[in-house]
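Residue numbers begin at 1 in each chain, while the letters A, B, ... track the order of the sequences. Please read all numbers here as calculations on a predicted model, not as lab measurements.
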Amino acid sequence: MESWTLYTRRFSGRREVEKSLRKVKAMKQSRYEPEKVELKWQARWEAQGLFKVNEDSSKEKYYLLEMFPYPSGKIHMGHVRNYTIGDVVARYKRMQGKNVLHPMGWDAFGLPAENAAIEHGTHPAKWTYDNISAMKTQLKRMGFSYDWDRELATCDPSYYRWEQLFFLQMYERGLAYKKRTHVNWCEKCQTVLANEQVEDGRCWRHSDQEVTIKEMDSWFLRITHYAEEMLEHCERLPGWPERVLTMQKNWIGKSYGAVIRFPMVDSHETIEVFTTRQDTVFGATFLCFAPEHPMVKDMIKGLPQESEVIAFIERTLKMDRFLRTAEFTEKEGIFSGRYCINPLTGEKIPIFVANFVLFDYGTGAIMAVPTHDQRDFEFARKYGLPLRVVIQPEGALLKEAAMEEAYVGDGKLVNSGPFNGMSNREAMESIADYLKTKGHGCKTINYRLRDWGISRQRYWGAPIPIVYCNKCGTVPVPADQLPVVLPLQFQMRPNGGSPLPFEPSFYETSCPGCGGKARRETDTMDTFVESSWYFDRYACSDYSHGPLDLERVSYWMPVDQYIGGIEHAILHLLYSRFFTRALNDMGYLKVREPFTNLLTQGMVCKEIESCPTHGYLYPHEVKDGRCVKCGSSVILGGSLKMSKSKKNVVDPQDLIDKYGADTVRMFCLFASPPERDLEWNDKGVEGASRFLNRIWRLVLDNAGQLVRADSRGGVQVSEVLSVLHRKTHQTIKKVSEDIENRFHFNTAIASVMELVNETNKAIENRNSLDEPDWSIVKEAVETAVVLLSPVVPHICDELWEILGHRESLLTVPWPSYDPAALVEEKRLVVLQVNGRVRSRIEVPALLGDDEIKEIALADPRIRQFIGEKSVKKTVVVQKKLVNVVV
RNA sequence: GCGAGAGUGGCGGAACUGGUAGACGCGCUGGACUUAGGAUCCAGUGGCUAAACGCUGUGGGGGUUCGACUCCCCCCUCUCGCACCA
C-alpha cells in the first residue's frame with residue numbers, strides 16, 4: 001500500500017513517465033523472446049526446405065538415426081534427450097559438408113492403441129494417427145532437422161505390405177515356419193510373448209503380470225540360422241558399446257559340448273541329452289526330463305506311475321516359469337517308472353521328470369551327475385539317488401557319502417573305465433571321440449538363442465499373409481495379392497481380445513491354390529518385426545515398386561550412427577541384425593550389419609518424493625518438505641527414471657512453453673554426457689536459459705560495432721584481445737574434438753561458455769576498443785554463435801542474422817581453427833619441489849627446457865624449499881612443469 | 001554367483017596419452033544497481049587455519065613413480081545386465 005503511493009508519487013511527472021516508457025520499449029525490442037525467435041526460424045527452415053536431402057554420389061553420405069518413437073500421445077523427456085543428441089550430430093555433420101540423412105517416423109502398431117481404444121471408445125487407428133499428428137507438432141516445435149518427406153508409419157499398408165512380402169519370402173526359404181509349442185502367454189496382453197519379451201518371469205510391458213505357459217500353434221522366424229554369424233560379427237562392431245555386445249553374446253549363448261544318446265530299457269527309443277561335461281558321463285546315475293518334453297507322456301503310458309507323473313507335470317507347468325526355474329526354488333521331480341542305459345557304464349539308471357530341467361535349452365533332457373553338478377547333487381540327495389565320483393581333485397580324496405556339495409573343478413578321472421587317470425580336460429575330447437566311434441553321441445555346439453516367435457493374437461498389427469485350406473493346408477497369400485489389409489471397420493472386443501477371429505468378413509476367403517473355401521490366419525505379427533527394417537525403408541520411403549530401392553538403400557545403408565535407449569540392447573538390435581542378414585540373403589540389401597556405430601543414451605531421472613500415507617507425490621504436493629494432504633514429512637527416494645507412476649515426470653511441453661526449445665535442448669546436453677543418466681534439475685534449466693540470455697545481450701548490446709567491424713582482422717592488438725583471439729581458436733578445436741570423438745556436448749558447451757565469458761571480459765571497457773579490437777571481438781562472438789548452432793539452432797540463426805548474415809547457419813561450413821593462433825607467446829610453468837606445487841612462473845614460449853630449468857632452480861620460492869638439501873634430480877615436462885627432487 | 005560400469009565439493013559434472021584436482025553450470029555467501037528483486041552485474045566459494053602457492057583432500061588400504069582421480073594389488077559401496085543354460 002505504502003510502496004504503491006510512493007511509486008505513483010514518484011512517477012507522477014509526465015516527463016519521467018514518458019522517459020521510462022521509452023526505456024521499457026527499447027528494452028522490449030532487444031529482449032530475448034524464445035518463442036518468437038523459434039517460430040520464426042522453424043517457419044523459415046520449412047519454407048526453404050532446408051532439411052530435405054537427396055542421394056548425391058559426389059558427397060560423402062552420413063546416415064544418422066535415432067530410434068523412432070511409439071506414438072503414445074506426447075513426447076517425453078527421454079525422446080527430447082535422444083532426439084536432441086541426434087540433432088546436434090546431424091547438424092554438425094551437415095555443417096562439415098556431409099550429405100546427412102536424418103529421418104523420423106512412427107513405430108505405430110502395438111498394444112497401447114488397443115487399450116486406449118477400449119478405454120476411450122475410439123479406434124486404434126484414430127488414436128494412433130491423432131497421436132502421430134500431436135507428437136509431430138511437438139518434434140517440429142523442438143526444431144529437429146528431420147527430412148519429413150521420408151516420414152513413415154508402420155501401421156500404414158504401404159509399409160506393412162512389404163513386411164508381408166518379406167514374410168512370404170522367408171517362408172519360401174524356410175526362414176519362417178509354423179510349429180506347435182509351449183509359448184509364453186501374457187493374460188493382460190491376451191497374447192504370446194517371445195522369450196526376449198519375458199523379464200524375470202513377467203511380461204516386459206506389464207511388470208505385475210506373470211507369464212504362463214500355453215500350448216499353441218505359432219509362427220517363427222529362424223533367427224537361429226544366423227546365430228553363429230551374429231555372434232562372430234560382434235567382434236566386427238567396434239563402434240558399439242562393449243556392454244551391448246556382451247548382452248548380445250550372452251543372449252546368443254554359445255556353448256561347446258556333446259549330445260549323448262541313452263538307450264531306453266524295454267524300448268527301441270533312445271534319449272538324447274546335451275552336456276558340456278561329457279568328461280563326467282561315467283558318473284551319470286540318473287536322467288531327467290523337462291516336464292514339457294513330449295517323450296515323457298509316451299513312455300509312461302500304462303505304467304502304475306502314469307497318473308502321478310501327469311499330475312506332477314501339470315502342476316509344474318502351471319507354475320510361473322521364472323519361479324519354477326529360479327535358483328532358490330527347491331529342485332523337485334518324480335520317478336517316471338522307466339529306466340535307460342548309461343551307454344558307457346552299461347548300467348541301468350532311472351529316468352525322472354524334474355522341474356529344474358529346461359525344455360528350451362539343449363535337448364530338454366539331461367544326464368544327471370550328482371557328484372559333479374550342484375543341481376544334480378541336490379536332487380539326488382533329496383530322492384536318495386546313487387552318487388559316484390568320477391573326478392578326483394589333486395591333493396584330496398572325495399568320498400560320495402561325505403560330500404556336502406558337488407565338486408565342479410578339475411582333476412583326474414576315476415571310475416571311468418579306459419579313461420581312468422586321464423585329466424578331465426583331456427577326457428573331454430577323448431570321451432567325445434569314443435562316443436562317436438561307438439555311435440553313442442558326438443560333439444556339438446549349442447545356442448541358448450531360440451527362434452523368434454512372431455504370432456500375436458492381436459488386432460493392431462500386421463496380418464500374417466497365410467491362408468488355411470482344408471484341402472491344400474497352409475497356403476501363403478500370393479505376392480500379387482498383397483497387402484492383406486488390416487480392416488479398420490472393426491472395434492476392439494471389450495475384454496481386449498482381437499476381433500479378427502470373430503469377423504467372417506476378414507477370415508473367410510478362398511484358397512489361392514484350389515479356389516475352395518479357406519480361412520485366413522487371424523494372428524498378426526510381433527511389432528518388433530516392423531522396427532527390424534524401418535531404417536532401410538527411410539532410404540526410399542516413397543518407393544512403390546518393391547520394399548526397397550536397391551540403389552538408394554545402397555547409397556545410405558548402413559546407418560553410420562544409431563542413437564537410442566539401452567533398453568533395446570537385446571531385442572530390437574538383435575532382431576534388426578537378423579533382418580538385415582535375411583534381407584541381404586534375399587537380395588534386398590548389400591549390407592550385413594545395419595548399424596556401424598551405436599550410442600546408447602542414459603535415462604532421464606528425477607528425485608522421487610513420497611509421503612508415508614499418500615505414496616508418491618507430485619512436486620506441487622510438497623510444501624516445505626511436508627505432504628500438503630497430511631503434513632507428514634516427505635521422504636526423498638533418490639533419483640529414478642522418470643515415470644508417471646512415480647510422479648516424477650517433467651513434461652517437455654511445459655518447459656518449451658516457459659523457456660523455449662533451445663533452452664530445453666541446451667540443458668539436456670549440458671547436464672551430463674549422453675551415455676550417462678541425466679539428473680533432472682529445474683534450477684539447471686534456468687541456468688541454461690540465463691546463458692542464452694547472456695549471449696543474446698552480448699550480441700545485441702554490441703550489434704552496431706560488431707556489424708561494422710571487419711571479420712578476421714589480423715592486426716596487432718592488446719594483450720587481452722590477443723588472449724581472446726587465442727581462446728577463440730582453442731574453443732573451435734575443443735568443441736570440434738568433443739563432438740567428433742566422443743559426443744561430449746557438455747564439455748563442448750562449457751568451453752563456449754568460457755569463450756563468451758572471456759569476450760565479455762574483453763569488452764568491459766568497450767569505449768577504449770578501436771577498430772581492429774572489434775574485429776577480434778567479432779571473430780569471438782561469431783565463432784561462439786556458429787559453434788553453438790547445432791545445440792541451439794534458433795537463437796543462433798537469429799543472432800547470425802543480427803550480425804548481418806543472411807543464410808541459416810546449417811548451410812555455413814563448420815569453422816576450422818588456425819594452428820598459428822593457438823601458439824602462446826608466454827607459458828605458465830608450474831614449479832614443484834618433490835611433487836608439490838611451490839611456485840608458478842610465466843616464461844616466453846620460445847624458451848627451451850634447459851633454460852626453464854635454470855630459471856626454476858633460481859626461483860626464490862623454490863630455493864627456499866630446497867633449503868640446505870641437495871638437488872637429486874630435476875624433471876622438466878615440455879614447457880609445462882618443473883619438478884625438483886631433493 | 002557371473003559379467004560390465006561407476007564411486008571426485010552442498011549438487012550436476014570437468015581433468016582425453018600419469019604432470020596446477022574441482023573447468024563449466026547450479027546452489028550458497030557478500031557487494032553493486034534498485035521503491036523492490038526470484039532480473040542483471042561484480043567478488044568469493046573442497047576442508048582445516050586469523051591468513052598464506054601452510055596442512056589436508058578424488059570410497060578405504062597398500063604399491064609403482066620425481067609426480068597418481070588416472071597404472072597395479074586387496075577391500076567396501078552403488079548401478080546395470082545375466083542368472084538352476086546341464
In terms of side-chain heavy atoms of [X], which of [options] is nearest?
X         : options                : value
Thr276(A) : C42(B), A86(B), C41(B) : A86(B)
Thr329(A) : A4(B), C66(B), C84(B)  : C84(B)
Lys331(A) : C84(B), G25(B), G13(B) : C84(B)
Thr246(A) : A86(B), C66(B), G3(B)  : G3(B)
Thr747(A) : G19(B), C16(B), A23(B) : A23(B)
Leu828(A) : U20(B), G54(B), C24(B) : U20(B)
Arg375(A) : C80(B), C82(B), A86(B) : A86(B)
Asn746(A) : A14(B), A86(B), C24(B) : A14(B)
Asn883(A) : G67(B), G13(B), A86(B) : G67(B)
Val875(A) : A86(B), C66(B), G54(B) : C66(B)

Next on the checklist: For Phe352(A) together with Phe379(A), are the ring centres under 6.0 Å from each other?
Outcome noted: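 That pair passes the under 6.0 Å test.
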Could you check how far [atom1] of [X] sits from [atom2] of [N], rounded to whole Å?
X         : N      : atom1 : atom2 : value
Ile252(A) : C85(B) : CD1   : C1'   : 15 Å
Arg690(A) : U40(B) : CZ    : C1'   : 10 Å
Arg31(A)  : U40(B) : CZ    : C1'   : 14 Å
Ile260(A) : A86(B) : CD1   : P     : 14 Å
Asn693(A) : C26(B) : CG    : P     : 12 Å
Glu567(A) : C80(B) : CD    : P     : 13 Å
Asp360(A) : C85(B) : CG    : P     : 14 Å

Across the strands shown, which category fits [X] at heavy-atom distances under 4.0 angstrom: base, sugar-phosphate, nothing?
X         : answer
Asn446(A) : nothing
Arg838(A) : base
Lys734(A) : base
Val837(A) : sugar-phosphate
Asp677(A) : sugar-phosphate
Glu242(A) : nothing
Lys872(A) : nothing
Glu378(A) : nothing
Val357(A) : base
Val830(A) : base
Gly687(A) : sugar-phosphate

Checklist entry - Which residue, Ala671(A) or Thr363(A), contacts RNA chain B at a nucleotide closer to its 5' end, judged by nearest heavy atom? => result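 Going by which nucleotide is closer to the 5' end, it is Ala671(A).
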Next on the checklist: Go nucleotide by nucleotide along RNA chain B from the 5' end; which of Met603(A) and Val884(A) gets its closest nucleotide reached first?
Outcome noted: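 The answer here is Val884(A).
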Next on the checklist: If I compare all heavy atoms of Trp696(A) with all of Arg31(A), which pair ends up nearest, and what's the gap?
Outcome noted: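 Closest heavy-atom pair between Trp696(A) and Arg31(A): NE1-C, 3.5 Å.
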What I want to find out is whether [X] reaches [Y] closely enough, with some N-O distance under 4.0 Å, to be called a salt bridge.
X         : Y         : value
Glu737(A) : Lys733(A) : yes
Arg277(A) : Asp373(A) : no
Arg726(A) : Glu758(A) : no
Asp738(A) : Arg742(A) : yes

Next on the checklist: Please classify the glycosidic conformation of G9(B) as syn (within 90° of 0) or anti (everything else).
Outcome noted: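 Syn.
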Looking at [X] and [N], is any side-chain donor or acceptor paired with a base atom of the opposite kind under 3.5 Å?
X         : N      : answer
Arg277(A) : A86(B) : no
Lys683(A) : C11(B) : no
Asn250(A) : C82(B) : no

Could you tell me which nucleotide pairs with [N] by Watson-Crick or G-U wobble geometry, both distances under 3.5 Å, or answer none if nothing does?
N      : answer
A21(B) : none
A43(B) : U29(B)
U79(B) : A4(B)

Look at [X] and [N] and indicate whether a side-chain polar atom (N or O) is within less than 4.0 Å of OP1 or OP2.
X         : N      : result
Arg448(A) : A86(B) : no
Lys880(A) : G19(B) : no
Arg836(A) : C66(B) : no

Next on the checklist: If I pick the C1' atom on G9(B) and the same atom on G22(B), what distance separates them, to the nearest angstrom?
Outcome noted: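 Pairwise C1' distance, G22(B) against G9(B), rounds to 7 Å.
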Checklist entry - Is there side-chain contact between Glu378(A) and Glu405(A), with at least one heavy-atom pair below 4.5 Å? => result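 In short, these two side chains do not touch, never coming nearer than 4.5 Å.
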Item to check | Working for side chain to side chain contact (heavy atoms under 4.5 Å, CB included), residues Leu387(A) and Thr285(A) | outcome: CA-CA 7 Å; Leu387(A) 277 65; Thr285(A) 52; over 6 Å; no
Item to check | Phe356(A) six-ring face occupied by Arg375(A) cation (under 6.0 Å, within 45°) | outcome: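 The answer is no; the distance or angle limit is not met.
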